[in-house]
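The next block holds one structure in the form of structure tokens; read it before the comments.
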Amino acid sequence: MNVQAAKTKCQNSIVLLLISFNPLSASLAQHQARFSYLRMKYLFFSWLAVFVGSWIVYVEYSSYTELCRGHDCKNSICDKYRKGIIDGSACSSLCEKDTLYLGKCFTAKPNSQVYSGSWGDLEGVIKCQMEEAPHYDLGSEMEPRKEAAAFNKPTKGTSVEKFREMILNHLKAKVGDQANLADLATQVLSITDANKDGHISLPEARSTWALLQLNEFLLALVLQDREHTPKLLGFCGDLYVMEKVPYSPLYGISLPWIIEVWIPAGLRRSMDQWFTPSWPHKAKISIGLLELVEDVFHGTFGSFLMCDVSATSFGYNDRHDLKVMDARYIVPEAVFQEGIRQQRCDVDEDCLYGADCLTSCDLTKHRCTPEVTRPNLAKACEALKDYILRGAPSDVREELEKQLYACIALKGSAEQMEIEHSLILNNLKTLLWKKISHTKDS
């Protein structure tokens, strides 16, 4: 009896003991469940981060490999050089001596390769057309039409005089019948003789002819005596090396696209002006842009239209002289008008070339009119407004702002309002020079 009672008492004690541990067991179970949930959450976000990161790397790598094809460009050019099809001052260094190196890729379009480069002690920018030369389609679109650069002109047996005639006719088609085209043709022939042996070979002539199809090369020739275009250092086929511009773009900061989409437009415009030179230096750079407008409007070799007047198209050197970084959209007015008048349209927006060259649509013919709605000067002033007004001295700010807004309001072609165009241009230049002329920045 006593044994049975003791046994029952012991069992009850064990039951009571287990019951007393139930809250602890429940607490442990809750902690385990919470830990499992946190671990699953951590693993989920870790995998999500890996997936998103991998996708971004893949997209960036795909974009880079699609855009940056400098190796293919070099191989193509050097293959033609070794076959004796083309020749130029940069060919030997690029293809034989390996002293012309392609550095960082800055390409924005696959058919126009842009790289930083070094050529011995010189730093430059290397541009290559990937066997495609911009050619204006006079049909349905004003965009450059891709056309293989076969380097088949001039043909074998062409004399120097015949080649000179080809150059003159080409320049006349590009810039109009100017009185001094013969001087420009002589300059082209001088560049063609790359090795300066007094003889122009067929490969040298073919390289020069290919380069003459490019707006940027043509503009560099036209403005070679001015300070606004980088100097041509050398060429091989339609690959050419230009002087490096140390500071570019004119203003603005580059941000990853994933950050860019979240920044309001007003704040973004303000951020673009954060890292700019002192105001006197900005004034000198701005005068350079105004002088460029002056040079391309009724210049020595005809008029040009500036169809992309954005900060990325310009830079400056250590002396704060403005330099054109991308002249692909600075086009001869005669070529623009011939092409745009063939463009079919339903609204004015169909008559846009580049970012800034807009004409109106003639709805009776459904064709674009040849005259641009805004002159080069108005577009330049709009690009400079925030840049030059930020930090402007109080004694010139009000007048400067007034002149800039009058400039931005200019409409029609420069020919239609030449007096007002010249007046505003001179007022702006005088206002800025007057403020900095007594300083070392001038």
Side-chain angles (χ1 to χ4, degrees), residues 69-102 107 110-115 117-120 122 124-135 144-171 174 184-221 224 231-243 328:
R69 300 169 59 195
H71 182 70
D72 295 336
C73 178
K74 178 182 176 181
N75 287 343
S76 175
I77 289 292
C78 290
D79 179 60
K80 290 178 176 62
Y81 168 65
R82 294 186 184 104
K83 290 178 179 177
I85 298 172
I86 59 174
D87 199 359
S89 55
C91 290
S92 177
S93 298
L94 179 71
C95 305
E96 294 177 345
K97 300 176 182 177
D98 287 328
T99 54
L100 177 57
Y101 298 98
L102 275 69
T107 301
N111 66 323
S112 183
Q113 297 290 301
V114 181
Y115 281 78
S118 60
W119 190 1
L122 298 174
V125 176
I126 302 171
K127 300 188 178 185
C128 178
Q129 302 309 306
M130 287 299 296
E131 299 187 355
E132 293 176 346
H135 175 78
R145 174 164 56 86
K146 296 178 180 179
E147 183 177 279
F151 300 106
N152 55 4
K153 291 183 180 180
T155 57
K156 190 174 181 179
T158 303
S159 66
V160 174
E161 282 306 312
K162 180 63 177 176
F163 183 50
R164 180 187 178 87
E165 185 181 337
M166 287 175 61
I167 294 171
L168 274 170
N169 290 334
H170 177 74
L171 294 174
K174 282 282 188 179
L184 187 57
T186 301
Q187 293 175 15
V188 173
L189 288 174
S190 175
I191 293 171
T192 304
D193 184 14
N195 56 9
K196 304 303 177 188
D197 62 353
H199 171 70
I200 295 177
S201 67
L202 183 61
E204 287 174 335
R206 284 173 172 166
S207 292
T208 304
W209 185 255
L211 289 172
L212 280 174
Q213 315 308 310
L214 307 176
N215 286 330
E216 187 164 36
F217 184 79
L218 180 62
L219 188 73
L221 284 176
Q224 64 178 330
K231 290 182 175 61
L232 176 69
L233 301 180
F235 63 92
C236 183
D238 56 1
L239 177 148
Y240 57 105
V241 187
M242 303 292 286
E243 171 191 16
R328 287 176 300 165

Met242 vs Leu233, test: side chain to side chain contact (heavy atoms under 4.5 Å, CB included). Steps then yes/no.
CA-CA 5 Å; Met242 303 292 286; Leu233 301 180; 6.0 Å; no
Could you walk me through whether Asn215 and Lys174 pass side chain to side chain contact (heavy atoms under 4.5 Å, CB included), step by step?
CA-CA 9 Å; Asn215 286 330; Lys174 282 282 188 179; 3.8 Å; yes
Evaluation steps, side chain to side chain contact (heavy atoms under 4.5 Å, CB included), between Thr155 and Leu202
CA-CA 8 Å; Thr155 57; Leu202 183 61; over 6 Å; no
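Taken from NZ in Lys127 to CG in Leu211, the straight-line distance is 12.5 Å, to the nearest 0.5 Å. With rounding to the nearest 0.5 Å, the separation of CZ in Arg69 from CG in Asn75 is 11.5 Å. Taking OG1 from Thr99 and CG from Leu94, the interatomic distance works out to 8.5 Å, rounded to the nearest 0.5 Å.
Closest heavy-atom contact between Gly237 and Ser207: N-OG, 3.1 Å. Minimum heavy-atom separation, Thr107 to Ser112: CG2-O, 3.5 Å. Listed here is the closest heavy atom pair of Trp119 and Ser93: NE1-OG, 2.9 Å. The two residues Phe163 and Ala205 make their nearest non-hydrogen contact at CZ-O, 3.6 Å. Nearest approach of Ile126 to Gly117, heavy atoms of both residues: CD1-CA, 3.9 Å. In terms of heavy-atom proximity, Pro154 sits nearest to Met166 at CB-SD, 4.0 Å.
Between Gln213 and Phe217, every side-chain heavy-atom pair lies at or beyond the 4.5 Å cut-off. Contact of the Leu168 side chain with the Leu184 side chain is not registered, since no non-hydrogen atoms from C-beta on lie closer than 4.5 Å. Residues Arg206 and Ser201 fail the side-chain proximity criterion, which asks for heavy atoms closer than 4.5 Å. At least one side-chain heavy atom of Glu204 sits under 4.5 Å from a side-chain heavy atom of Asn195.
Side chain of Tyr81 to main chain of Cys236: no donor-acceptor pair is present (N/O by atom type, distance under 3.5 Å, no hydrogens or angles). Counting only distance, with no hydrogens or angles, the side chain of Glu165 and the backbone of Glu161 share no donor-acceptor pair below 3.5 Å. For the pair Lys231 (side chain) and Ala220 (backbone), a donor-acceptor distance under 3.5 Å is absent.
No hydrogens or angles considered: a donor-acceptor pair under 3.5 Å links the side chains of Thr186 and Arg164.
Residues that satisfy the salt bridge (charged side-chain N to carboxylate O under 4.0 Å, His left out) test with Asp98, not counting sequence neighbours, are Lys74. Evaluation of the side chain to side chain contact (heavy atoms under 4.5 Å, CB included) rule for Val188 yields Ile167, Thr192, Thr208, Leu212, Leu221 as partners, not counting sequence neighbours.
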Can I get a per-line list of side-chain donor-acceptor pairs under 3.5 Å for residues 82-91, giving both atom names and the distance, sequence neighbours left out?
{"from": "Arg82", "atom 1": "NH2", "to": "Cys95", "atom 2": "O", "distance (Å)": "3.1"}
{"from": "Lys83", "atom 1": "NZ", "to": "Asp79", "atom 2": "OD2", "distance (Å)": "3.2"}
{"from": "Ser89", "atom 1": "OG", "to": "Phe235", "atom 2": "N", "distance (Å)": "3.3"}

